[in-house]
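Working notes, structure below.
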Protein chains: 2
Amino acid sequence: MELSDRKKKILCMAIEEYIKDCSPITSGGIKDATSLNCSTATLRSELNALEAMGFLRQLHTSGGRIPTAQGYRYYVENLLQSVEATDKELDDVKSIISSRTSSLNDIITGIAKIVSKATNYPTVIMVDGFENLVLSEFKLIPLLEDKIMVLIGTIAGYITQTLDVKATAQDCIDASNYLTNHFKGETIGFMIENIEQFEKGMHGEIKAFQTVVNSLINGLKQLNEQKYLNVRREGSAKLLDNNNNVEEAKKVLNVLEDEKELSSIMEIKGKGDIEVTVADEDSAKCSVVKAPICVNGRQLASIGVFGPQRMDYAGIASALKVVIDNLNNLKGE
Amino acid sequence: MELSDRKKKILCMAIEEYIKDCSPITSGGIKDATSLNCSTATLRSELNALEAMGFLRQLHTSGGRIPTAQGYRYYVENLLQSVEATDKELDDVKSIISSRTSSLNDIITGIAKIVSKATNYPTVIMVDGFENLVLSEFKLIPLLEDKIMVLIGTIAGYITQTLDVKATAQDCIDASNYLTNHFKGETIGFMIENIEQFEKGMHGEIKAFQTVVNSLINGLKQLNEQKYLNVRREGSAKLLDNNNNVEEAKKVLNVLEDEKELSSIMEIKGKGDIEVTVADEDSAKCSVVKAPICVNGRQLASIGVFGPQRMDYAGIASALKVVIDNLNNLKGE
DNA sequence: GCTAGCACTTGAAAAAGAAGAGTGCTAAAA
DNA sequence: TTTTAGCACTCTTCTTTTTCAAGTGCTAGC
């Protein structure tokens with residue numbers, strides 16, 4: 001549906017004002033807020049037309065209009081001026097990302113925390129492209145009680161894992177070297193798929209540490225299969241402030257506590273850029289602004305900011321842009 | 001203030017009913033709920049007396065009574081029948097605790113998660129007795145880019161730390177062995193205090209890895225100074241259900257987002273047992289049921305469950321009892 | 001196509017009345 | 001002295017009614 005420039009301007013202004021104040025859009029309000037040189041009567045007929053097209057709706061005859069889900073969607077898709085990545089509060093993201101000796105988990109928690117603080121909305125990160133991580137080194141360390149700790153260095157931080165395997169210190173060193181030599185620069189997915197090929201090529205003496213490697217691969221397979229969610233709920237209190245109604249806040253909190261729901265919502269359908277999902281009026285879902293987190297050009301995770309239908313889509317999109325731009329610039333050494 | 005048995009019974013019943021239903025306590029309601037053989041008129045005069053003593057208050061003349069903060073406190077201190085640790089949902093706690101190769105962080109997150117799920121209230125764990133952890137082994141592992149990863153085995157799980165220090169593989173092995181030999185069985189606090197003494201006794205050739213050790217100790221000192229909080233907010237949506245008013249929910253969520261506030265609230269004043277703090281009517285704080293987490297007889301952390309003034313103190317106290325009993329049974333190997 | 005003017009609709013706020021729950025008090029009973 | 005029955009009183013809640021003003025839709029004229 002193509003709108004005239006004026007209708008676009010009116011719709012955009014209307015939605016932004018409504019997001020800011022939560023007070024219904026009236027012809028008078030629009031006249032005050034825009035530089036349009038036309039009377040309230042004209043604006044009324046424009047608003048009427050926008051309502052007929054489904055972008056706005058009236059709660060009651062004399063009460064001004066509010067955006068519909070369709071209105072928000074149009075706004076998001078067409079009117080959201082190309083977001084710029086300019087959020088100072090997000091500078092920390094860079095330093096977190098660049099510390100490659102942090103654990104992947106800490107890095108993810110750190111990012112979620114910062115985004116949540118900056119946007120004032122609950123934020124979720126889901127790691128679902130674990131197999132895309134590029135490996136840099138392996139360290140196997142024998143612990144007490146016949147266990148082994150595995151440090152897996154990746155471009156996006158360290159992953160640790162504990163294995164219930166008995167092995168000598170030499171086995172661990174051999175395995176570390178073997179794995180690092182053969183899979184450095186490759187992805188975890190590649191390693192899982194090809195390890196058997198490589199094992200066939202091993203000599204007898206190297207096979208000593210084979211149980212260790214098998215156990216390690218099993219562990220990685222498990223990690224790979226279970227998407228893991230890191231939910232940050234900073235800003236939950238804000239959900240209750242600021243004219244947000246309690247029912248909407250409850251929706252958001254309920255979604256955040258339902259892992260299944262969450263991971264289905266977090267699925268990125270398109271590719272490579274910010275996606276906005278606007279909650280329907282009647283559904284139990286909430287709105288999300290989400291983006292893929294790519295490292296080295298491959299998708300590792302998704303980040304999503306959750307809120308009610310009436311949320312600051314533009315501000316959040318801009319914040320997410322900072323994060324994903326920074327992450328996408330991270331290249332393998 | 002000593003109350004007659006009947007007054008105690010009435011107060012107890014009144015508060016428990018109110019916690020359950022959130023409907024004001026009336027003479028008729030009490031008569032129905034208890035087996036007391038007296039008329040509503042008698043109960044009215046008892047309620048009147050309890051009000052005069054400050055345990056109950058009337059919102060308005062004909063509207064029944066609700067507990068005051070003082071009333072809740074009396075209930076908690078005197079009437080909460082000695083809580084029993086019988087929560088099936090908390091069985092998982094045991095298995096989490098016994099997996100000593102998990103990271104301390106994972107263990108704490110796991111416990112907070114389980115408690116939060118079981119109680120349906122936000123739960124916080126604050127590690128403030130880091131120096132009391134008993135050491136079991138050290139593993140220093142050289143990483144890429146002149147960094148070292150340190151695995152510190154403790155009775156309550158592994159702690160990892162990354163150091164920006166250049167060291168040879170041999171330095172790392174030497175340091176690992178040295179530290180493990182000298183400090184196994186001692187606490188982190190002991191090690192921090194006495195490391196200099198030990199260093200004086202070193203021979204020239206061992207001093208090679210001294211920079212590594214110094215850096216490690218500095219890192220531990222930092223960890224020790226910064227109390228760290230692990231906040232779990234499962235059940236936030238429940239805060240909004242069930243007759244909880246929004247203002248109270250907001251209070252709780254606000255407290256949870258204020259680290260300073262949180263850590264001051266989490267401070268355990270008494271020793272060794274469950275403490276309940278009941279929120280005042282007018283203050284911005286919320287109610288907490290908290291307990292110290294001890295390992296090997298020394299306090300490592302505190303766990304606290306946060307909620308509105310009207311919360312299920314008895315149920316939560318019982319859940320916490322399960323957790324701390326299990327943890328206190330954990331002895332060094 | 002735009003605007004001014006005006007009647008109309010409708011919710012929100014205020015006022016008034018009715019109903020009912022629960023109390024406090026008093027006098028009598030135990 | 002304690003307990004109980006009875007009753008008047010208070011205060012909220014629920015309706016109903018009224019008023020008010022905001023904002024609209026419509027129409028006629030520019």
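Note: hydrogens, waters and symmetry copies are ignored here, and every other heavy atom, side chains too, is used. Letters A, B, ... mirror the listed sequences (proteins, then strands); counts begin at 1.
- For the residue pair A:Tyr72 and A:Ser287, no side-chain donor N or O sits within less than 3.5 Å of a side-chain acceptor on the partner.
- A donor and an acceptor atom, one from each side chain of A:Glu281 and A:Gln309, are located under 3.5 Å apart.
- Contact between the side-chain N/O atoms of B:Arg65 and the OP1/OP2 oxygens of C:dG24 is found at a separation under 4.0 Å.
- Salt bridge status for A:Asp280 with A:Arg73: present, with a side-chain N to carboxylate O gap under 4.0 Å.
- Rounded to whole Å, atom P of D:dG23 lies 15 Å from atom NZ of A:Lys31.
- Fit an axis to the five pairs at each end of the helix from C:dG1-D:dC30 to C:dA30-D:dT1 and the two axes sit 30° apart, to the nearest 10 degrees.
- For A:Thr26 and B:Ala41, each mapped to the nucleotide of DNA chain D holding its nearest heavy atom, the one lying further toward the 5' end belongs to B:Ala41.
- Using a 4.0 Å cut-off between charged side-chain N and carboxylate O, B:Glu46 and B:Arg6 make a salt bridge.
- Within a 6.0 Å radius of NZ in A:Lys31, other residues, nucleotides and ligands contribute more than 12 heavy atoms.
- In this structure, B:Leu59 places its CG atom 15 Å from C1' of D:dT10, rounding to the nearest Å.
- Here A:Arg6 reaches the OP1 or OP2 of C:dC2: one of its side-chain N or O atoms lies under 4.0 Å away.
- In terms of phosphate contacts, B:Ser45 brings no side-chain nitrogen or oxygen within less than 4.0 Å of OP1 or OP2 of D:dT2.
- Between the CG atom of A:Leu47 and the P atom of D:dG25 there is a distance of 8 Å, rounded to whole Å.
- A:Glu51 and A:Arg57 are not joined by a salt bridge, as no carboxylate oxygen comes within less than 4.0 angstrom of a charged side-chain nitrogen.
- For the pair A:Thr42 and C:dC2, the criterion of a side-chain N or O lying under 4.0 Å from OP1 or OP2 is not met.
- Residue B:Asn48 places none of its side-chain N or O atoms closer than 4.0 Å to OP1 or OP2 of C:dT23.
- Atoms NZ (B:Lys7) and P (D:dT3) sit 9 Å apart, rounded to a whole Å.
- Spacing between atom CD of A:Glu46 and atom P of C:dT3 amounts to 11 Å, rounded to whole angstrom units.
- For B:Ile30 and C:dG22, the CD1 to P distance is 12 Å, given to the nearest whole Å.
- In this entry the distance linking CZ of A:Arg44 with P of D:dA22 reads 14 Å, nearest Å.
- Contact annotation for B:Thr61: backbone-only contact, meaning every heavy-atom pair under 4.0 Å involves sugar-phosphate atoms and none involves a base.
- Judged purely by distance below 3.5 Å, without hydrogens or angles, the side chains of A:Tyr75 and A:Glu16 pair a donor atom with an acceptor atom.
- Checking the phosphate oxygens (OP1, OP2) of C:dG11, no side-chain nitrogen or oxygen of A:Ser62 falls inside 4.0 Å.
- Taking atom CD of residue B:Gln58 and atom C1' of nucleotide C:dG24, one finds them 9 Å apart after rounding to whole Å.
- If B:Thr40 and A:His60 are placed on DNA chain D by their nearest nucleotide, the residue sitting closer to the 5' end is B:Thr40.
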